[in-house]
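Step one of this worksheet: look at the structure below.
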There are 2 protein chains.
Amino acid sequence: MDLKTLRSLVSLVENDFNVSRTAEQLFLVQPAVSQHIQRLEQELGTQLFVRQGKRLVGLTDTGETVVQYARKVLAETRNIIEVGREHVEQASGVLRIGTTHTQARYVLPPVIKAFNKAYPKVELQIHQGNPQQLEEMAMDDQVDFSMCTEVLGENPQLTTVPCYQWNRSLIALHDHPILAQKKISLKSLSQYPIITYVLGFTGRGHFSSTFSNAGLKPRVVLSAADTDVIKTYVREGMGVGIIASMAYTPKQDRDLELRDLSKLFPWEITVIAYPKGKYLRHYQQHFIELIQSCVAEPNRWSGLLPI
Amino acid sequence: MDLKTLRSLVSLVENDFNVSRTAEQLFLVQPAVSQHIQRLEQELGTQLFVRQGKRLVGLTDTGETVVQYARKVLAETRNIIEVGREHVEQASGVLRIGTTHTQARYVLPPVIKAFNKAYPKVELQIHQGNPQQLEEMAMDDQVDFSMCTEVLGENPQLTTVPCYQWNRSLIALHDHPILAQKKISLKSLSQYPIITYVLGFTGRGHFSSTFSNAGLKPRVVLSAADTDVIKTYVREGMGVGIIASMAYTPKQDRDLELRDLSKLFPWEITVIAYPKGKYLRHYQQHFIELIQSCVAEPNRWSGLLPI
DNA sequence: ACTCCTTACGGAGCACGTAACTATA
DNA sequence: TATAGTTACGTGCTCCGTAAGGAGT
């Protein structure tokens, strides 16, 4: 058995069993990949792939199992070369963070500032996506880790580290009638057109269920993936906005009134997730700690709570 | 990076950094292993070994980490090979069980009988040892799994599957004065010379602490690793025996009187342990189930309880 | 003097590439 | 006919072994 062989195997599965494409991706020629598979099947004495004529169309049961283990092997070898890089590059390299717009824009800035000061040689990359994409990115090593609120907690292949809690606030134009109310309730919210996040984003799950548990149906007239879009349409007078509290910036959002809604909705927990067993370099671990300590700092109100 | 390279690395550590011996064990020549290490260190760009002159004497910090991951890589490749064998050999192969004398002699016989009937082509090997040795055997893949009562539960590298519960009984010659008592207590036990298992064996830990918790000191005049030895000396009149209940065989032990002591001591749990993530072949999993079901059978009293 | 590891070099094996062939849409 | 994979074969690379050299005990 050989590492290259296993790489071909896994890559082949990821390329929908297309041998030519796999070869190209691995900087090999087609017959080489074919040989890899043949050798592997011969060595294990079993068919790994289901074939239609000459074409590979799927994995056999044993194939599934083997691929599973092969992935682990490759993950561990990645860890090994990562350990090497760690020592060679010391405090330089790349940090790839997967996250959502809201986090990137309203939570991470102080963290990234501090991080850049501590590790000026580390290049930072922010990869944006929706929670499903973020999960994939973390799994496929497209990013070093993903920072996200929903879903991630449930994947058993991922280690999750809780970072902070947050909740929602209402934003509305100063003259909006809802601001006349002393206490804003779910019921009163449901009487006005609402602008908030799209499904699958930033705690939208709990948002919807909170209303339906109360037997109410919110009138969401517009939903967007990012807070800035929401604000824009609130300013247009399309409705009231319900956003993550940390996304309100007093200076720039003076024209919008803020009302805390943390009494109405459950608190959301934002976590960092990366594949189980992945080797984290010092600065990667440090970044996670930086998030937690930045959140804990009392000087900036943001609606965030440390966990 | 190459699997052979990693194998050399790990093997080198296991051979106390002796390159020559490692080479021999891997059916290579010395320079080959040297090259492996050099290549690896060059590829990772870091020292893995601490050197005294030309001699390797230890691992660097990064070396430790790398070895850790290398072990995982090799474990996973073993899994892959195993998956292959599974299909090729179908229901044949070898099953290597690590266990103690008591288990091998008094618990396993019906299990092994049933197993052999189900998988006549599988060769069974029973490797005996004390709990520490059993743990090592399981970790180093010297056995497929170990069956044991103590220690094993605490090693985070091992998966443990509970099999059954058991407790202790007293054995004594018919005319022994202790048998005149209606109820045998810890206190009365501590008045007579006792023969039981050696430390580290078969629940001896809880045995000792039970007495000391009651402020008593048992007079253990002889301790042995195996029940047959204990019985022998009980027959010699050296004292009363305290043994695992399942080790009493009514037919052969007619000359010894039995008294259940499960009210006095905590129940012990015997588990099967194997390295986390290890691939278990069908018949290996089946063997574990067989133990559990044999224990659950009502027709043979043995002092065992299913879990 | 012995053990242990490294360096240097040569050869054998094998994995990859090229090219021709086959099968499937 | 174009696309995809296998078979056949040659070559270049790489890895291992032999042999000689240094370093420490």
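Naming: A, B, ... by sequence-line order, numbering from 1 per chain. Atom set for the values below is all heavy atoms of this structure, side chains included, hydrogens, waters and symmetry mates excluded.
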Exercise. Are Glu41(B) and Arg51(B) close enough for a salt bridge, meaning some N to O gap below 4.0 Å?
Worked result: yes
Exercise. Would you find a donor on one side and an acceptor on the other, under 3.5 Å apart, between the side chain of Arg105(A) and the backbone of Asp228(A)?
Worked result: no
Exercise. Taking for each residue the nucleotide of DNA chain D bearing the nearest heavy atom, is the 5' side occupied by Gln52(B) or by Ser34(A)?
Worked result: Ser34(A)
Exercise. When you match Ala32(A) and Gly53(A) each to their closest nucleotide on DNA chain C, which lands nearer the 5' end?
Worked result: Ala32(A)
For this session: Examine dT3(D): is either OP1 or OP2 under 4.0 Å from a nitrogen or oxygen in the side chain of Ser20(A)? Give yes or no.
Result: no
Seminar exercise, completed: To the nearest angstrom, the CZ-P distance between Phe27(A) and dA15(C) comes to 21 Å
Problem set entry | Spacing between Gln30(A) atom CD and dA8(D) atom P, to the nearest angstrom | 16 Å
Exercise. How long is the line joining NZ of Lys54(A) and C1' of dT6(D), in whole Å?
Worked result: 4 Å
Under 3.5 Å between N/O atoms: give me all the protein pairs with nucleotides 8-13 of chain C, atom names plus distance.
none

Exercise. Does a nitrogen or oxygen in the side chain of Arg39(A) sit under 4.0 Å from OP1 or OP2 of dC16(C)?
Worked result: yes
For this session: Mark yes or no for whether Asn116(B), through its side chain, and Ile112(B), through its backbone, hold a donor-acceptor pair below 3.5 Å.
Result: no
For this session: Find the distance His36(A):NE2 to dG17(C):C1' and express it as a whole number of Å.
Result: 12 Å
Problem set entry | Arg7(B) and Glu14(B) ion-paired at < 4.0 Å | no
For this session: Mind calculating the distance between CD (Gln38(A)) and P (dC14(C)) to the nearest angstrom?
Result: 16 Å
Problem set entry | Criterion ring pair (Phe, Tyr, Trp, His ring centres under 6.0 Å) on Phe287(B) and Tyr283(B), from CA distance to verdict | CA-CA 6 Å; Phe287(B) 186 86; Tyr283(B) 63 72; 9.4 Å; no
Exercise. Any salt bridge between Glu24(B) and Arg21(B), counting N to O under 4.0 Å?
Worked result: no
For this session: Indicate, with a heavy-atom threshold strictly under 4.0 Å, whether Phe49(A) touches base, sugar-phosphate, or nothing.
Result: nothing
For this session: For dC5(C), take OP1 and OP2 only and decide whether either is under 4.0 Å from a side-chain N or O of Asn18(B).
Result: yes
Exercise. Does any non-hydrogen side-chain atom of Arg71(A) lie less than 4.5 Å from one of Leu6(A)?
Worked result: no
Problem set entry | Interatomic distance where CD belongs to Glu41(B) and C1' belongs to dC5(C) [whole Å] | 13 Å
Exercise. How long is the line joining CG of Leu3(B) and P of dC16(D), in whole Å?
Worked result: 12 Å
For this session: Tell me what Leu28(A) touches on the nucleic acid: a base, only sugar-phosphate, or nothing, going by heavy atoms under 4.0 Å.
Result: sugar-phosphate
Seminar exercise, completed: Testing dG17(D), dC16(C), dA4(D) for proximity to the side chain of Lys4(A), the answer is dC16(C)
For this session: Send over the distance from Leu56(A) CG to dA4(D) C1', rounded to a whole Å.
Result: 10 Å
Exercise. What nucleic acid atoms does Val19(A) come within less than 4.0 Å of, heavy atoms only: base, sugar-phosphate, or nothing?
Worked result: sugar-phosphate
